[in-house]
Number of protein chains: 2
Amino acid sequence: MKATVTVMLKTGVLDPQGEAVKSALHGLGFDGVSSVRQGKVIELDVADGTTEAEIGAMCEQLLANTVIESYSVDMS
Amino acid sequence: MKATVTVMLKTGVLDPQGEAVKSALHGLGFDGVSSVRQGKVIELDVADGTTEAEIGAMCEQLLANTVIESYSVDMS
């Protein structure tokens, strides 16, 4: 089964990567872009029966830095 | 309005970052993980009326390297 984890910087944490992307988009003429935040998405193939709590443990221990990042888990 | 762009390496393209995450998860005892692919997610605040085609143009020109990456756009 598949699990998708999305990790984003928490609101209020400066996102220099997102700022750089925004500047580059403006440079290309896409002036309507007012804000950009960049995060990561991790697609996991896990054993059947893996619970969302186990995926949460992976996030807490490795995938996300919970001091500055928040994560969401989507099982399918 | 918001647009979310997800960029993943195409199937068949080696993903060393994903492999590293998989090894680290195994090292932490999460043995049920058989495959990991890592990509990026970009959240854009765009002007009202921005079309999916315009977001697609941003992806083609900047956000994704379409030689090795595929992207999907979600407007909301």
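These numbers come from a predicted model, not from an experiment. Because only heavy atoms are used, hydrogens play no part in the values below, and waters and symmetry mates are left out as well, while side chains stay in. Below, chain A is the first sequence line, B the second, and so on; all start at residue 1.
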**Q** Under a single-linkage definition using a 4.5 Å side-chain heavy-atom cutoff for Ile, Leu, Val, Met, Phe, Trp and Tyr, are A:Met75 and B:Val36 assigned to the same hydrophobic cluster?
**A**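 In one cluster: yes.
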**Q** Answer yes or no: does atom CD of B:Glu69 have more than 12 heavy-atom neighbours from other residues, nucleotides or ligands under 6.0 Å?
**A** yes
**Q** Determine whether A:Val5 and B:Leu25 fall in the same hydrophobic cluster, where Ile, Leu, Val, Met, Phe, Trp and Tyr are linked whenever their side-chain heavy atoms lie under 4.5 Å apart.
**A** yes
**Q** Distance check, rounded to the nearest 0.5 Å: A:Leu28 atom CG versus B:Met58 atom CE?
**A** 9.5 Å
**Q** Sort out for me which of B:Gly29, B:Ala47, B:Gly39 touches chain A most, counting heavy-atom pairs under 4.5 Å.
**A** B:Gly39
**Q** Residues in salt bridge (charged side-chain N to carboxylate O under 4.0 Å, His left out) with A:Lys2, at least two apart?
**A**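 Salt bridge (charged side-chain N to carboxylate O under 4.0 Å, His left out) check on A:Lys2 returns A:Glu43.
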**Q** Starting at CG of B:Leu44, measure out to CZ of A:Arg37 and round the result to the nearest 0.5 Å.
**A**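 Here the interatomic distance stands at 12.5 Å.
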**Q** To the nearest 0.5 angstrom, please state how far the NZ atom of B:Lys22 sits from the CD1 atom of A:Ile42.
**A**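 It is 15.0 Å, given to the nearest 0.5 Å.
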**Q** Following the transitive rule for hydrophobic clusters with a side-chain heavy-atom cut-off under 4.5 Å over Ile, Leu, Val, Met, Phe, Trp and Tyr, establish whether B:Val13 and B:Tyr71 coincide in one cluster.
**A**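 Shared cluster, no.
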**Q** Within the distance-only criterion (no hydrogens, no angle test), does the side chain of B:Ser34 pair as donor or acceptor with the backbone N or O of A:Val46 below 3.5 angstrom?
**A** no
**Q** Is there a path from A:Leu9 to A:Val67 through hydrophobic residues (I, L, V, M, F, W, Y) whose side chains come within less than 4.5 Å of each other?
**A**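 Same cluster.
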**Q** Just give me the residue among A:Ser35, A:Ala3, A:Gly18 that pairs up with chain B most often, heavy atom to heavy atom, under 4.5 Å.
**A** A:Ser35
**Q** To check you understand the geometry: which heavy-atom pair defines the closest contact between B:Leu62 and A:Val21, and what is its length?
**A**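 In terms of heavy atoms, the two residues are closest at CD2-O, 4.0 Å.
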**Q** Who among A:Gly49, A:Gly32, A:Ala24 has the most heavy-atom pairs with chain B under 4.5 Å?
**A**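 Counting heavy-atom pairs under 4.5 Å, the top option is A:Gly32.
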**Q** Should A:Leu63 and A:Met1 be regarded as members of a common hydrophobic cluster, given that ILVMFWY residues are connected when their side-chain heavy atoms come within less than 4.5 Å of each other, either directly or indirectly?
**A**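 The answer is yes; both residues are in one hydrophobic cluster.
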**Q** Might you point out which heavy atoms bring B:Glu54 and A:Phe30 nearest each other, and give the distance in Å?
**A**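 Result for this residue pair: O-CE2, 4.0 Å.
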